[in-house]
Undergrad: 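Take a look at the following structure, please.
Heavy-atom basis, side chains included; hydrogens, waters and symmetry copies ignored. Please read these numbers as outputs of a predicted model, since none were measured by experiment. As the structure lists them, so they are numbered: ligands from 1, and atoms in each ligand from 1.
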Amino acid sequence: MTTNDLNSYPLSGWFPGHMLKAGRQMQEALKLIDLLVELVDARAPRSTRNPELLQKLGSKPALLVANKADLAAPAISRRWEDWFSARGERVFFLDSRKIANVRGLVQLWKKIVLEERSARGATRPLMRPVRIMILGIPNIGKSTLVNRLHEKKKALVGPKPGVTRQNQWIPLADGVELLDTPGVLWPRIENKCHELLLTLLGNIKDEIVGAQLVAQYLCLKLQEMGMQNALNNLIEPEICNSDPEQFLNAFAERRKFLLPGGVPDQERAAIAMIKEFRDGKLGRISFEAPPE
Ligand SMILES: Nc1nc2c(ncn2[C@@H]2O[C@H](COP(=O)(O)OP(=O)(O)OP(=O)(O)O)[C@@H](O)[C@H]2O)c(=O)[nH]1
Ligand SMILES: [Mg+2]
């Protein structure tokens with residue numbers, strides 16, 4: 001069995017209309033900003049990206065921020081950095097939990113916008129504030145970053161009646177202003193494996209896709225990447241190479257997740273396995289590497 005076999009399962013048909021509406025709001029907001037910041041997941045920068053965003057941007061400068069870099073394999077993140085910069089795309093690998101890392105990001109925003117203004121011939125590029133908008137698919141870390149950015153300035157935010165949401169700016173250090181509402185993007189789901197990966201990474205709710213399928217995907221994907229050793233923490237190494245159902249059964253037995261009659265509770269095992277992964281117990285794992 002391979003991950004490709006999972007592609008025969010139907011897609012859940014998730015990604016509802018409100019995200020399309022958010023897309024229209026984004027178009028409006030684009031006119032107001034100097035730099036667009038798209039958050040993606042450092043473990044899968046391609047699959048967590050909105051493929052249409054670049055086309056909508058026009059000449060607006062953009063920065064890709066690969067968030068949750070603390071969960072990704074550092075060597076693969078370095079390869080992504082090289083890959084993006086070879087294509088003339090700016091990328092910044094971020095661990096939003098580290099304030100120094102977040103401050104470095106703000107300095108980069110400023111640098112990009114000032115360079116761009118100077119290149120357009122602005123004589124005083126510092127005159128206007130540097131206006132930024134953060135975008136990304138659900139659960140990618142938008143709110144975490146926004147909160148991190150104005151930790152000491154919370155009093156300045158919060159809804160103000162009569163002010164349109166698009167026009168509220170959060171002043172950060174050094175003349176940088178952040179649009180207060182991050183935009184929600186949606187990925188274009190290519191196949192079942194893509195949907196399963198997004199669920200594993202937390203961008204789609206587990207209930208929509210089903211934990212057992214997600215856990216099976218994780219097993220198979222680790223095996224395909226030659227990383228089945230990551231599962232050694234959960235179960236004996238020889239079982240890490242086995243069929244995902246066998247793996248879930250053995251894991252259920254080990255954890256004593258048993259249904260009446262002693263039948264292994266695969267659902268509970270799947271949920272526990274996904275939790276171990278999300279808690280970082282399987283180590284730092286990148287699911288996508290740049291093309292060679
Ligand atoms: N390990 C790690 N976790 C992060 C990082 N950034 C965010 N998270 C976690 O990711 C989860 C989602 O973060 P949010 O900030 O709520 O994501 P969001 O994009 O605002 O989500 P929506 O509002 O649902 O669209 C939370 O559990 C965060 O703690 C990071 O850099 N590293
Ligand atoms: Mg949020």
Undergrad: Report the residue from Leu94, Asp41, Val40 that forms a side chain to side chain contact (heavy atoms under 4.5 Å, CB included) with Asn67.
TA: Leu94
Undergrad: Could you tell me whether the side chain of Asn241 and the main chain of Glu238 form a donor-acceptor pair under 3.5 Å?
TA: no
Undergrad: Enumerate the atoms of ligand 1 whose separation from the nearest heavy atom of Pro138 is less than 4.0 angstrom.
TA: 25 (O)
Undergrad: List the closest protein heavy-atom neighbour of atom 17 (O) of ligand 1: residue, atom name, distance to the nearest 0.1 Å.
TA: Gly141 N, 3.1 Å
Undergrad: Got a sec: is Ser143 within less than 2.8 Å of the Mg ion (ligand 2) via an N/O/S atom?
TA: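 Under 2.8 Å: Ser143 contacts the Mg ion (ligand 2) through an N, O or S atom.
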Undergrad: Contact between Leu53 and Leu36 at the side-chain level, heavy atoms closer than 4.5 Å - yes or no?
TA: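 The answer is yes; the side chains approach within 4.5 Å.
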Undergrad: May I ask whether Tyr9 and Ile208 are part of the same hydrophobic cluster, defined by side-chain heavy atoms of I, L, V, M, F, W, Y residues being less than 4.5 angstrom apart, directly or through others?
TA: yes
Undergrad: What is the closest protein heavy atom to atom 23 (O) of ligand 1, and at what distance does it sit?
TA: Ser143 OG, 4.0 Å
Undergrad: When you look for heavy atoms under 4.0 Å from ligand 1, do you find them on the side chain of Leu145, its backbone, both, or neither?
TA: neither
Undergrad: Are Leu198 and Val209 close enough that some pair of their side-chain heavy atoms sits under 4.5 Å apart?
TA: no
Undergrad: Within a 6.0 Å radius of atom CZ on Arg87, are there more than 12 heavy atoms belonging to other residues, nucleotides or ligands?
TA: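 Yes, because the 6.0 Å sphere around CZ of Arg87 holds more than 12 heavy atoms from other groups.
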Undergrad: Atoms of ligand 1 less than 4.0 Å from Lys142 heavy atoms?
TA: 15 (O), 17 (O), 18 (P), 19 (O), 20 (O), 21 (O), 22 (P), 25 (O)
Undergrad: To the nearest 0.1 Å, how far is atom 22 (P) of ligand 1 from its closest protein heavy atom, and which atom is that?
TA: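 Going by distance alone, atom 22 (P) of ligand 1 is nearest to Asn139 N, 3.6 Å.
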Undergrad: Evaluate Ile140 for polar contact with ligand 1, using N/O atom pairs at a separation under 3.5 Å.
TA: yes
Undergrad: Using a heavy-atom cut-off of under 4.0 Å, does the side chain or the backbone of Thr144 touch ligand 1, or both, or neither?
TA: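 For Thr144, backbone and side-chain atoms both sit under 4.0 Å from ligand 1.
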Undergrad: State whether Arg90 and Glu115 are salt-bridged, where the test is any N-O pair (Lys NZ or Arg NE/NH1/NH2 against Asp/Glu carboxylate O) under 4.0 Å.
TA: no
Undergrad: Nearest protein heavy atom to atom 31 (O) of ligand 1, by residue and atom, and its distance?
TA: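 Answer, as residue, atom name and distance: Ser96 N, 2.8 Å.
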Undergrad: Centroid separation under 6.0 Å, is that true for the rings of Phe277 and Phe287?
TA: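 Yes, ring centres under 6.0 Å apart.
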Undergrad: For the pair Arg117 and Asp34, find out whether any cationic side-chain nitrogen is under 4.0 Å from an anionic carboxylate oxygen.
TA: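 The answer is yes: the pair qualifies as a salt bridge.
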Undergrad: Can you report which non-hydrogen protein atom sits closest to atom 8 (N) of ligand 1, along with the distance?
TA: Lys68 CE, 3.8 Å
Undergrad: May I ask you to identify the nearest protein heavy atom to atom 6 (N) of ligand 1, giving residue, atom name and distance to one decimal place in Å?
TA: Asn67 ND2, 3.1 Å
Undergrad: Is the closest side-chain heavy-atom distance between Leu197 and Arg43 below 4.5 Å?
TA: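 When only atoms from C-beta onward are counted, Arg43 and Leu197 do not touch, as no gap falls below 4.5 Å.
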Undergrad: Should the proximity of Leu71 to ligand 1, defined as any heavy atom under 4.0 Å, be assigned to the side chain, the backbone, both, or neither?
TA: side chain
Undergrad: Heavy-atom distance from atom 27 (O) of ligand 1 to the protein below 4.0 Å?
TA: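 Under the 4.0 Å cut-off, atom 27 (O) of ligand 1 has no protein heavy-atom neighbours at all.
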Undergrad: Quick one: which of Asp41, Leu185, Asp70 has a heavy atom closest to atom 32 (N) of ligand 1?
TA: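 Heavy atom nearest to atom 32 (N) of ligand 1 belongs to Asp70.
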